Amino acid sequence: MLDDLRRILADRRILLVEDESLIAMDIQDIIENWGCIVIGPAPTSAVALDLMAEHALDGAILDVNLRGETSEPIANALREQNRPFVVMSAYERSHLNGALR
């Protein structure tokens, strides 16, 4: 099963948006083990949007709360580009707004 996952995800460029460095390193290790190329990690929306402008992405993993700001601008930009993304959060879905829901 892991081999199938690696085959599907091989060389996919995934934007990682996470402001906690230890969590970012753990997630980066996991998705690199799946064969993905990690873009980032980006600790803020501004950095993430800059990375989006510089790199062609296949998808993204977004933390919701980034040092007191939301990752909603990133989610909006990804939707405009028809790029899939996963939202990571300890918040319940009912606490998420707009593009992050």
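Small disclaimer: the values here were computed from a predicted structure and weren't measured. One-based numbering along the sequence shown.
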Spacing of [atom1] belonging to [X] relative to [atom2] belonging to [Y], to within rounding of 0.5 Å:
X	Y	atom1	atom2	result
L15	E54	CG	CD	11.0 Å
E18	M25	CD	CE	11.0 Å
C36	L5	SG	CG	7.5 Å
D50	H55	CG	NE2	10.0 Å

Between T44 and D19, does the side-chain contact (heavy atoms from CB on, under 4.5 Å) criterion hold? Intermediate values first, please.
CA-CA 7 Å; T44 66; D19 62 340; over 6 Å; no

Donor-acceptor under 3.5 Å ([X] side chain, [Y] main chain):
X	Y	value
Q28	V38	no
R12	D58	no
S45	T70	yes

Looking only at heavy atoms, what is the nearest atom pair of P73 and L49, with distance?
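In this case the closest contact between P73 and L49 is O-CD2, 4.1 Å.
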
Minimum heavy-atom separation for L66 and S71, please, with both atom names.
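Nearest pair, atom of L66 first, then S71: CD1-CB, 3.8 Å.
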
For R67, all residues meeting salt bridge (charged side-chain N to carboxylate O under 4.0 Å, His left out), sequence neighbours excluded
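Residues passing salt bridge (charged side-chain N to carboxylate O under 4.0 Å, His left out) with R67: none at all.
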
Steps toward side-chain contact (heavy atoms from CB on, under 4.5 Å) verdict (L9, I14):
CA-CA 10 Å; L9 295 175; I14 306 298; 5.9 Å; no

Trace of the side-chain contact (heavy atoms from CB on, under 4.5 Å) decision for D26 with L22
CA-CA 6 Å; D26 282 344; L22 290 177; 5.6 Å; no

Give the intermediate values and the outcome of side-chain contact (heavy atoms from CB on, under 4.5 Å) for residues M52 and R83.
CA-CA 11 Å; M52 287 180 66; R83 300 286 179 228; over 6 Å; no

I61 versus M88: any side-chain heavy-atom pair under 4.5 Å?
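Side-chain contact under 4.5 Å: yes.
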
Student check: side-chain heavy atoms of L78 and L62 closer than 4.5 Å:
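The answer is yes, as the side chains (C-beta and beyond) meet within the 4.5 Å cut-off.
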
